[in-house]
2 protein chains.
Amino acid sequence: MSYQYLTIGAVERDSGIARDTLRIWERRYGFPLPMRNDKGERMYSQGQLRRLQRIRRLLDQGLRPGKVVTLSDADLDALEAELYPEAQLDESIENILNVLQTGDGSELGAVLAHSYQQQGMQAFITQTVIPLLHTVGERWARGQLQIFEEHLLSQVLLRLLNTEISALQHTAKQPRILLATLPGEEHTLGLLMLAALLSFRHISVINLGGEVPLDQIVAAVFRFDAAVLGISFSGAYQHDSIRGNVNQLRAMLPQSVDIWMGGEGVGRMRKLPPGVTRFASLDNLPL
Amino acid sequence: MSYQYLTIGAVERDSGIARDTLRIWERRYGFPLPMRNDKGERMYSQGQLRRLQRIRRLLDQGLRPGKVVTLSDADLDALEAELYPEAQLDESIENILNVLQTGDGSELGAVLAHSYQQQGMQAFITQTVIPLLHTVGERWARGQLQIFEEHLLSQVLLRLLNTEISALQHTAKQPRILLATLPGEEHTLGLLMLAALLSFRHISVINLGGEVPLDQIVAAVFRFDAAVLGISFSGAYQHDSIRGNVNQLRAMLPQSVDIWMGGEGVGRMRKLPPGVTRFASLDNLPL
DNA sequence: AATATTATTTGTCCTAGACAAATGAAAATT
DNA sequence: AATTTTCATTTGTCTAGGACAAATAATATT
C-alpha cells in the first residue's frame, strides 16, 4: 500500500516508542537498523515499524526489551502465539467480527445494539465487548485485521455506550463517581465501559475523559464533591508512572475520597499504593 | 496547587511543544530558561509551563515563534486581548457557561440538551456549540476557566452528539461519507459535529475518529465505497503537514471520491490542493 | 520463605551542530 | 496594480555518543 520510508519522528508517533529509545535500542540491540537518507537521517521501513508495534505490545504485557527487541519475526510469532492463546469465540462475537470485517459499515452498530439488548449492560460489556476488543487486538497482531477496522469498532462502541448512558443518567443518585485517565493515557474506552456500568446501577458518574492533569483531577473532585475517583490504565501505560502518579493523587485528596484503579495496566502491579482500591475486572466493582 | 518543577518530558507532554524545540528556543530566544537540578537537567516552573501553553495557542493561530516567544507576560496579555476580542455572548451561552463553571456537573447535560431541542441541530451547532468552545478557549487563556471544565464540556457534548446521531442514523441514505482525522490530530469534536449535521440530513456517515494513518483511510474509503472523505484539522495542526498529507491522499484516491477539508486549520490556508473542497464553516456544507 | 544487598537493565536527559522546508521580503514580470 | 519569481531569514527536526538514576533481576543473608 504505502512503500514509504518513515523518519524517526513518524516512527515515534506510530509506535509509541520515544526517539531516544529507538536510537538507543539501535545502539544496544542492533534493532531497528534503519537505512539512512542522504542527510544521514534514519529512514525506517514499514516492516520495521510493524515489528516495533508488535514489540511495543509485548512490552505492554510486561516483557523486557532485552528479551524481545532482538527476536526475529518468527520468534515474535511464537511468543505471541504463547501469550495470546487463540480463545474460542462465542458465536455472537464471531458474528460481530464478521460484520466488522466484511460488512458495509452501517450494520455494525445494529449488531452491537442487538447484542446489548439481549444481554443487558453487565453481560454485554464483560462477555461481548471485552472479548471482542481482545480478539481485535490479537487479529491485528497477526495481520488479520486492519487498523481502520479497529478505529471503526471503537467509534461505534463509543456511540452506543454514550447513547445508553444518556438514557440512564437522569435517574442517577449518589454516590457520585468521577472518572478520568491521566496524561499520556489516551485509551478512554475502559472509562466509558465503567461509566456505563455505573449508570446502569443508577450511580451518578462524571466522566472527564482522557489525559487530565493531576491537579485538575483534584480540583474536579473537590468541585463536584465526588465520593470516589476512578482512574483507568490501559496496558499501554508505563507501570512506573502509575505508582508515582497515584501516590501523588492519594496525597492530594482527603482520605474520605476512595480511589479506584482499574484496567490492564493495574493487573500487572504487585503492590498497590495504600488507600487505593483495585478493580481488576469490570465483573465485580468494589461497591 | 502544585508547586512542583517539571522535567522537559513533562513540559513536552503538557504544552505540546517538542523537547528539541524547547531546547532550541532556550538557545535562540532565551525563553524558557528553566532551573537545573543537581544532575544538570532542566526543571521548569509551573509559570513557565503556563506561558508555554499560551504561546502554543498563539502559534496555533498562525503567529511566528520569533515574535511571540520573547514576549513578556504583559505583552502576551495585550496580544491575546487583540486576537481574541471579547465577544458579546448570547444569553443562553452565558447560562451554559455559568452552569459549567458553578454547577454540580449533572446539570450541564440537561442545559445543553435543552438548547439543542430549542434550536435544532444546525443552529445548535453553529450558534451554540462553536461560540461556546471559542469562549471556553478564551477564558482558559485568561486563567478564568479550569482545564477540567473544558474536559467536562467536551465529554458532555460528545455524549449528546453521539446520542442524537444514534437516533438519526438508521434513517440515513446515500451518499456515504467517511470521516477521520490524520495522525497527530486528536481533536475529534469537529468531526462529531459534522457527523451530527450530516446525520440530521439523513446522510450516511462512517466516523473513524481520530489519528487514522493515511493508508488506512484509503483502505476504508474503498472498503465502504465512500463517495466523500471528510478530514478535519483543528487550529493546532501544523499547516505544513496538511498540504503534504492531503496531496498524498488525493493521489491515492480515485477522482470520483470528493475530499472535503474543514476546521480552523484549513481556514488559514491560502491555496487548497487541487481536487479538494473546503468547507470553511459548518454553516454551508458543500452538498 | 522472607528480606536485604548487589548487579544489570533500561529510559530519559544532556550538548552543540547541521540542514532543509516553510515563511517573509524584495525584485522582476505581466 | 497585481501576480509571479528570486533571495534571505526563520524555524523545527534530526544527528552523535555520553551520563546517570530508577526499576528490575539475581544473589546472599537472616
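Only this structure's heavy atoms are used, side chains among them; waters, hydrogens and symmetry mates stay out. Below, read A as the first sequence line, B as the second, and so on, with proteins coming before strands; counting in each chain starts at 1.
Between the side chain of B:R23 and the base of D:dG12, no donor-acceptor pair under 3.5 Å is found. The base of D:dG18 sits within donor-acceptor range of the side chain of A:R27, with an N or O pair under 3.5 Å. A donor-acceptor contact under 3.5 Å is not formed by the side chain of B:R19 with the base of D:dG12.
No donor-acceptor pair under 3.5 Å is formed between the side chain of B:R42 and the backbone N or O of B:T7. The main-chain N or O of A:R23 is never found under 3.5 Å from a side-chain atom of A:R28 such that the two would form a donor-acceptor pair. In this structure a side-chain-to-backbone donor-acceptor pair under 3.5 Å is present from B:R56 to B:G16. Checking side-chain atoms of A:S15 against main-chain N and O of A:V11 turns up a donor-acceptor pair under 3.5 Å.
Nucleotide C:dT12 holds its C1' atom 11 Å from the CD atom of B:E12, rounded to whole Å. The CD-C1' distance, from A:E41 to C:dA20, rounds to 9 Å in whole Å. Look at CG on B:D20: it is 15 Å from C1' on C:dA20, rounded to the nearest Å. When the P atom of D:dT15 is taken as reference, atom CG of A:L33 falls 13 Å away, rounded to whole Å. Atoms CD1 (B:I55) and P (D:dT11) sit 12 Å apart, rounded to a whole Å. Put simply, CG on A:L22 is 13 Å from C1' on D:dC14, counting in whole angstrom units. Between B:I17 atom CD1 and D:dG12 atom P the separation is 9 Å, expressed in whole Å. Taking atom CD1 of residue B:I8 and atom C1' of nucleotide D:dT13, one finds them 14 Å apart after rounding to whole Å.
The residues A:R50 and A:D14 are annotated as not salt-bridged, no charged nitrogen and carboxylate oxygen being separated by less than 4.0 angstrom.
Annotation: of the two residues near DNA chain D, A:R64 and B:K39, the 5′-most nearest-nucleotide partner is B:K39. Mapping A:T21 and B:K67 onto DNA chain C by nearest heavy atom places A:T21 at the nucleotide closer to the 5' end. The residue among B:I24 and B:R42 whose nearest nucleotide of DNA chain C lies closer to the 5′ end is B:R42.
The side chain of B:T7 places an N or O atom within less than 4.0 Å of a non-bridging phosphate oxygen (OP1 or OP2) of C:dC13. The phosphate of D:dT10 (OP1 or OP2) has no side-chain N or O of B:Y29 nearer than 4.0 angstrom. Between A:W25 and the phosphate of C:dT10, there is no side-chain N or O to OP1/OP2 separation shorter than 4.0 Å.
The side chain of A:R36 has D:dA16 as its nearest neighbour among D:dT10, D:dA16, D:dC14. Listed nucleotides C:dT12, D:dG12, D:dC14 differ in distance to B:R28; the shortest reach to its side chain belongs to D:dG12.
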